[in-house]
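Everything numeric in this text was worked out from a predicted model, so none of it was measured. Residue numbers begin at 1 in each chain, while the letters A, B, ... track the order of the sequences.
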There are 2 protein chains.
Amino acid sequence: MAKRSITSYDVAKAAGVSQSAVSRAFSPGAPISKKKRQLILNVAKDLGYQPNAIARSMSTARKDTHQRSGMVGVIVTRLQDPFFAQTIADFSRLIQAQGWQMLLFTVDGEGDVNTALNTLMQYKIDGVVILSAILSEQMAKVCRAQGIPVMLYNRSVEGLDVNHVQIHNHDGGRLAADFLVEAGHRRIAFIGGEDGDATSAAREAGFVERLAEAGLSLFSRESGNYTFEGGAEAALRLFSRSERPDAVFCASDVMALGVMHAARTEMGLEIPDDFSLIGFDDIPAAGWPGHGLTTIRQPVGRMISEAVECLVSNMRDTSLAPSKQRFEGQLILRKTVKRAQPG
Amino acid sequence: MAKRSITSYDVAKAAGVSQSAVSRAFSPGAPISKKKRQLILNVAKDLGYQPNAIARSMSTARKDTHQRSGMVGVIVTRLQDPFFAQTIADFSRLIQAQGWQMLLFTVDGEGDVNTALNTLMQYKIDGVVILSAILSEQMAKVCRAQGIPVMLYNRSVEGLDVNHVQIHNHDGGRLAADFLVEAGHRRIAFIGGEDGDATSAAREAGFVERLAEAGLSLFSRESGNYTFEGGAEAALRLFSRSERPDAVFCASDVMALGVMHAARTEMGLEIPDDFSLIGFDDIPAAGWPGHGLTTIRQPVGRMISEAVECLVSNMRDTSLAPSKQRFEGQLILRKTVKRAQPG
DNA sequence: ATGAATATTGCATGCGCATTCACTAATGAT
DNA sequence: ATCATTAGTGAATGCGCATGCAATATTCAT
């Protein structure tokens, strides 16, 4: 059936050299003469030989060395979400450029992270990125014991000494509140992501904190499940009450767009005339001219390149101390917030 | 530094059995007594042992057997595009459910596919999916020689005997044209994706064919590069001429939304009052109430599950003949097309 | 040209596991 | 109870490669 594939021995025989020579020809920096390397590379090309990465990984697993597979595990939820899609796309390009491959694992709830990590570890990944999910203390310990660098992206776990890169959610929430308060709003509502989600909670906490400083408390709150539909439904609930908010802050742009579309088409409300709206993330659709969503931008490009850089240096030198990076969100002014009417 | 990880030998010693027994305990169907398997699994759990997938893959590489890595390669362009993000998300879940891992490779142009495939093959992937990119005849041959099943998704290559799953682009184009013609439109324009892109070309061909049957030819055409901005700019060009189209068909929803936003905010045109608009794909944002984009839906769920099913059976039995599946697009009526004014 | 230093080279080995083979224990039939 | 099965077991082996080591080829200084 499937013929045995071409190995370094085949090349060695064809080139009249030893297998070691073939191996060295494909290992940059290995001791081998230029002439012989070139000869071997030519023969290899003719035969269609490609080194077997699996076998290569096997043989680096010596008592002193660490087994290197050249693969980075990535654990992600909600890949279909534009924000995550962009993140993964960027990450993928950068990590490839550094010579690593990406082993992608999609999880549904946060509970599956352990399973995912276990599976990925069976593949002897050189490192792992966890997007918007939590790492248990126990698994963190396991990773450390195995010498696998971990990068928590968009999350941090209190008291866990692990690399992380994230937006400053609390400050982002404050920023949104500050802007709405300064614009004169007084009946300010919040729509969160999934209940119990730490990211959403942090944004809300910062938001509420700043409101409190202005002598305000949250006018009302709903959960929008981080989806467009969830945001739309939350808006309907928010505005079905007798007293309506004059401003809404959403923990994500996707939900904010849900609110916007529901307002325009189902509730007959104009933004920002009837109420102001702020999102979070700055996904591409937020900037579409018909939306013009005012939002808190996450500097995804910088965050991702920082994450990759940090992970890569940790993979090259496992003894490095974890780095913790927080980026500040930036308020992007567009068209969905205006000064509240004095009335 | 990083301690050597726990191997089957460690477990064997701790459990007082042979290494073979440990291996069999972790191989479903292997000859071992229930009692001993349970004992071994317990000891393994205590020690935190997990079989090494790399080593496992090595040892299945025998002369008669095919080396199985348990990994499927996925080559993708434009991961940040909502349509592809959704596709990858679905694919990821289904292939994981079948027990495979996903090795993801992002390419920029179609030219990088060869490189990507070569890299992935070094990892001895059991199969590969290529999303919206073309496979050279030479690489197809290499894959066949290595016994690696290939699935072309969203593309097919004339005369190449490889699995593929795709939407019937030509028919989809016809469908769009038919609907616009029946609605009485006469000045019908098209906005394509990237120049030279086969998918876009097929949609255009079917579209033009049906127009011709109605005695019409394309009123004008532009390229929108498959992006929102590209679509918006194409629309500006389309409507800057003295004679304006009364209907526009876009080769993707993302571009159609670009057209819509540009029309509303930059050109002061109403859809469908000033012109009708049809997209292709039916991405989530197409259905957002404020958009209500009439479009040709790709049955992504069915297409992906068909693709996974086909690939998996090919990976289980390499001798199977390639399967070629085409799905019909479905016209989704929303709010962006109306009967043309007699005038 | 000669010995010392250096650059190359091949041999042999092991990474962790699955699997074959030869063998022993358990089970069944009579 | 006896023999024929079958189930279960461990020792040994190899998957394809990188690398330590000892041996050889090359270069250099004199």
Checklist entry - Would you say the base of D:dT19 and the side-chain of A:Ser20 have a donor-acceptor pair closer than 3.5 Å? => result yes
Checklist entry - With a 4.0 Å cut-off on heavy atoms, is A:Gln67 in touch with a base, just the backbone sugar-phosphate, or nothing at all? => result nothing
Item to check | Among C:dC11, C:dC17, D:dC17, the nucleotide that comes nearest once only the side chain of A:Ser18 is considered | outcome: C:dC11
Checklist entry - What is the distance, rounded to the nearest whole Å, between atom NZ of A:Lys124 and atom P of C:dG16? => result 8 Å
Next on the checklist: With a 4.5 Å cut-off on side-chain heavy atoms, are B:Leu135 and B:Leu117 touching?
Outcome noted: yes
Checklist entry - When you measure from the side chain of A:Ala55, which nucleotide among D:dT19, C:dG16, D:dG16 comes out closest? => result D:dG16
Checklist entry - How close or far is atom C1' of C:dA7 from atom CZ of A:Arg24, stated in whole angstroms? => result 12 Å
Checklist entry - Would you say D:dC17 has OP1 or OP2 under 4.0 Å from some side-chain N or O of A:Ser8? => result yes
Checklist entry - Distance check: side-chain N/O of B:Ser59 vs OP1/OP2 of C:dC17, anything under 4.0 Å? => result no
Checklist entry - Are any non-hydrogen side-chain atoms of A:Pro51 and A:Tyr49 less than 4.5 angstrom apart? => result yes
Next on the checklist: Which residues in residues 29-45 of chain B have a heavy atom closer than 4.0 Å to any atom of DNA chain D?
Outcome noted: B:Pro31, B:Ile32, B:Ser33, B:Lys36
Next on the checklist: I'd like to know if A:Thr7 reaches the base of D:dC17 with its side chain such that a donor and an acceptor end up less than 3.5 angstrom apart.
Outcome noted: no
Checklist entry - Between A:Met121 and A:Cys143, is any pair of side-chain heavy atoms under 4.5 Å apart? => result yes
Item to check | Contact summary for A:Asp161 and A:Pro322, nearest pair of heavy atoms | outcome: O-CG, 3.4 Å
Item to check | Rounded distance (Å) that lies between atom C1' of D:dC17 and atom OH of B:Tyr123 | outcome: 14 Å
Item to check | Length of the line joining A:Met58:CE and C:dC17:P, which is rounded to integer Å | outcome: 8 Å
Item to check | Side-chain heavy-atom pair B:Gln101, A:Leu104 within 4.5 angstrom cut-off | outcome: no
Checklist entry - Below 4.5 Å, heavy atoms only, C-beta onward: do A:Val74 and A:Phe105 meet side chain to side chain? => result no
Checklist outcome for this item: All heavy atoms of B:Ala116 vs all of B:Val107, minimum pair found to be CB-CG1, 3.8 Å
Item to check | Side chains of A:Gln50 and A:Ile6 in contact at under 4.5 Å (non-hydrogen atoms) | outcome: no
Checklist entry - Which whole-number value in Å describes the distance from B:Arg68 CZ to D:dC15 P? => result 19 Å
Item to check | Phosphate OP1/OP2 of C:dA18 contacted by B:Thr60 side-chain N/O (<4.0 Å) | outcome: no
Checklist entry - Axis-to-axis angle across the helix from C:dA1-D:dT30 to C:dT30-D:dA1, five pairs an end, to 10 degrees? => result 10°
Checklist entry - Does the side chain of A:Phe83 come within less than 4.5 Å of A:Val300's, by heavy atoms? => result yes
Checklist entry - Does the side chain of A:Ser132 reach to within under 4.5 Å of the side chain of A:Phe84, using non-hydrogen atoms? => result yes
Item to check | Closest listed nucleotide, where the reference is the side chain of B:Ser23 and the choices are D:dC21, C:dC17, D:dC17 | outcome: C:dC17
Next on the checklist: Nearest whole Å is fine: how far is D:dG16 P from B:Gln122 CD?
Outcome noted: 15 Å
Item to check | Interatomic distance where CD belongs to A:Gln19 and C1' belongs to C:dT13 [whole Å] | outcome: 11 Å
Checklist entry - How close or far is atom P of D:dC15 from atom CG of A:Asn52, stated in whole angstroms? => result 12 Å
Checklist entry - Are any of A:Tyr9's side-chain N or O atoms less than 4.0 Å away from OP1 or OP2 of C:dG10? => result no
